[in-house]
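What follows is a set of notes on a single structure, which appears directly below.
Residue numbers run from 1 in the order of the sequence given. Hydrogens, waters and symmetry mates play no part in the numbers below; they use all other heavy atoms, side chains included.
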Amino acid sequence: MMERKFKDSGIEWIGKIPEAWDVSKIKNLCINIYSGGTPDSNNYHYWDGDIPWIPSGSCHDSIITEAPKSITTLGFENSSTKKIPANTTVMAMTGATCGNVGFVTFETCMNQSVTGYIVKKNNYSKFLFYCLLAAREDILTRKTGGAQSGINVEDCKSIMVPYIPNAEQKRIADYLDKKCNDIYSLIALQEQMIEKLKAYKQSVITEAVTKGLDPNAKLVPSGIDWIGDIPEGWLITDIKNLCTSITDGSHFSPERQSEGMPYITAGDIRGKGIDYNNAMRIRLEDYNVLESQGCRPHKGDVLMVKDGATTGRVGMMTDNEKCVLLSSVAMLTPLSKVDSNYLMYLVQSNVIQAQIQLLMAGSAMPRVTLKKINSLKGLLIPLNTQHAIASYLDNKCSDIDHLIALKQQKIASLKDYKKSVIYEAVTGKTEI
């Protein structure tokens with residue numbers, strides 16, 4: 001086989017391409033490129049109709065097979081949204097999803113933050129989907145604006161892509177469909193393993209804090225369904241009876257700074273310890289005010305998210321670093337007769353988590369109040385037993401967390417491999 005010759009494409013993200021290939025602005029491969037619009041959200045006559053409608057959040061670098069919302073003909077006629085045909089590549093233009101790509105398999109409308117690429121007959125839309133995935137870093141260099149920064153339709157039109165015959169576009173896209181599906185399957189397998197490991201970890205924690213470590217211990221009914229039988233001598237009690245106090249953080253939002261004192265939010269609560277490098281910052285003056293109001297956690301305090309999507313997530317302070325909490329985080333300070341690690345595992349177990357889920361049932365906004373946290377049912381057991389359970393769970397959970405981390409590393413490697421496969425194929429470096 002004759003060795004393939006390459007030339008410089010003149011486009012940084014593309015690099016070298018086969019001599020027979022060319023490059024072009026993506027608009028030259030399309031009949032039209034346009035964004036959509038949103039009907040008035042307060043007019044119920046415009047929504048829940050027969051016309052699919054997708055927001056930018058539907059773009060996840062994957063195939064889009066259904067729309068999360070739909071609009072009526074009246075909504076379509078009274079907004080700037082537009083229809084795109086089935087099998088069209090789309091891209092999000094603003095916010096956290098900026099640069100994310102999707103391939104829509106059905107006719108749909110879209111909002112103003114989504115661009116649709118309507119290809120000419122002699123081009124293949126799925127090829128553009130893979131080109132845009134490969135061009136992600138180049139696309140993001142075009143972003144302008146602040147927190148909701150993004151790109152515009154003109155940016156979307158001017159992206160440079162390889163320009164090759166339709167048959168070759170289709171061959172590359174078909175190849176990538178198969179390769180990426182194989183990689184997706186491997187990623188899905190790792191994700192399933194992670195979920196099983198997380199469930200196993202939860203069961204280990206719950207078993208230890210409700211049954212103890214002695215397999216021969218005499219068990220008696222606890223009188224509570226979600227706890228079941230417990231060792232004789234253990235007591236069911238309100239969690240407030242295990243703590244000197246249960247409070248929360250600041251109920252006002254001080255101005256955020258690029259530098260300053262750590263301000264701990266729900267996103268920082270992820271098991272033992274706080275990553276202060278990623279924590280938000282506030283001015284020293286604001287910190288001093290919040291500290292005086294009792295918003296500062298100390299070593300051994302158990303932290304639990306009480307508001308938002310991650311309500312129930314648990315962590316613990318492992319140092320006395322000066323920091324303060326946001327109101328979405330509850331702070332449980334254990335009594336001297338309560339081991340901090342044991343309290344953390346108790347709150348993390350299904351004993352407490354099941355109660356939290358019941359308290360939030362039917363709520364539009366996930367939330368559990370301090371009053372409800374105080375009344376959660378826990379277990380009061382001998383201090384030496386608490387120490388033993390905490391030590392056992394430290395070791396057991398560390399082993400499980402290590403296995404989860406290995407699976408996560410494998411997923412990251414597979415995603416990097418997928419990006420490489422796509423880039424090498426759409427730029428001609430891999431001969432298909």
Side-chain angles (χ1 to χ4, degrees), residues 26 29-36 50-71 81-111 113-121 123-137 139-140 151 156 159 161-162 164 166-192 195 411-412 414-427 430 432:
I26 199 169
L29 283 69
C30 298
I31 300 169
N32 211 336
I33 298 172
Y34 50 75
S35 62
D50 298 323
I51 303 172
W53 181 90
I54 60 170
S56 57
S58 293
C59 300
H60 294 293
D61 298 341
S62 58
I63 310 303
I64 302 173
T65 58
E66 60 181 5
K69 295 184 178 182
S70 62
I71 61 175
T81 193
K82 304 174 186 67
K83 290 183 180 179
I84 56 172
N87 301 320
T88 293
T89 292
V90 296
M91 184 169 67
M93 295 190 294
T94 60
T97 58
C98 181
N100 283 10
V101 186
F103 186 78
V104 185
T105 59
F106 52 94
E107 183 182 69
T108 186
C109 293
M110 53 195 178
N111 77 0
S113 294
V114 180
T115 295
Y117 290 88
I118 318 302
V119 296
K120 295 176 179 177
K121 287 186 177 180
N123 289 289
Y124 194 61
S125 187
K126 183 65 80 66
F127 177 72
L128 294 193
F129 169 75
Y130 286 118
C131 282
L132 290 174
L133 284 176
R136 170 70 51 77
E137 291 183 12
I139 292 168
L140 294 181
I151 57 177
C156 295
I159 297 165
V161 295
I164 56 179
N166 175 274
E168 197 160 4
Q169 292 181 30
K170 187 177 186 307
R171 187 164 63 249
I172 290 172
D174 290 347
Y175 164 81
L176 288 175
D177 281 347
K178 183 179 185 310
K179 290 290 290 187
C180 290
N181 283 337
D182 290 344
I183 297 170
Y184 286 138
S185 296
L186 293 174
I187 290 174
L189 180 61
Q190 298 300 316
E191 290 173 339
Q192 290 169 14
E195 291 308 307
I411 289 173
L414 284 167
K415 287 181 176 179
D416 285 342
Y417 172 60
K418 186 188 77 166
K419 286 165 61 175
S420 174
V421 167
I422 293 171
Y423 172 76
E424 296 286 320
V426 300
T427 59
T430 296
I432 309 302

Could you measure the distance from the [atom1] atom of [X] to the [atom2] atom of [Y]? Nearest 0.5 Å is fine.
X: E191; Y: L414; atom1: CD; atom2: CG; value: 10.0 Å
X: N123; Y: L128; atom1: CG; atom2: CG; value: 6.5 Å
X: M93; Y: N111; atom1: CE; atom2: CG; value: 8.0 Å
X: R171; Y: D174; atom1: CZ; atom2: CG; value: 9.5 Å
X: I26; Y: I139; atom1: CD1; atom2: CD1; value: 7.5 Å
X: K418; Y: L186; atom1: NZ; atom2: CG; value: 12.5 Å

Open item on the list: The criterion is side-chain contact (heavy atoms from CB on, under 4.5 Å); which residues satisfy it with T81, sequence neighbours excluded?
Closed with: W53, I71, F76, S79, C109
Kindly give the heavy-atom pair with the smallest separation between [X] and [Y], and that separation in Å.
X: C131; Y: V161; value: CB-CG1, 4.0 Å
X: I422; Y: A134; value: CG2-CB, 4.1 Å
X: V90; Y: C59; value: CG2-SG, 3.9 Å
X: I64; Y: F106; value: O-CE2, 3.5 Å
X: I54; Y: P68; value: CG2-CD, 4.1 Å

Hey, is [atom1] on [X] packed in by over 12 heavy atoms from elsewhere, all under 6.0 Å?
X: K415; atom1: NZ; answer: no
X: K69; atom1: NZ; answer: no
X: E66; atom1: CD; answer: no
X: Y184; atom1: OH; answer: yes

Task: Test side-chain hydrogen bond (donor to acceptor under 3.5 Å, both in side chains) applied to Y34 - qualifying residues, sequence neighbours left out - done: none
Min side-chain heavy-atom separation [X]-[Y] under 4.5 Å:
X: V114; Y: I84; value: no
X: I172; Y: Y130; value: no
X: I118; Y: C30; value: no
X: L176; Y: I432; value: no
X: F103; Y: N87; value: yes
X: I151; Y: M91; value: yes
X: Y124; Y: V119; value: no
X: V421; Y: C180; value: no

Under 3.5 Å, is there a donor-acceptor pair between the side chain of [X] and the main chain of [Y]?
X: Y117; Y: C156; value: yes
X: K126; Y: K170; value: no
X: D61; Y: V101; value: yes
X: S420; Y: D416; value: no

Open item on the list: Quick one, Q192 with L189, criterion side-chain contact (heavy atoms from CB on, under 4.5 Å). Give me CA distance, side-chain angles, the key distance, then yes/no.
Closed with: CA-CA 5 Å; Q192 290 169 14; L189 180 61; 4.2 Å; yes
Task: Residue pairs fulfilling side chain to side chain donor-acceptor pair (under 3.5 Å) with at least one residue in residues 96-106, sequence neighbours excluded - done: none
Task: S125 and T88 side chains, donor-acceptor separation under 3.5 Å - done: no
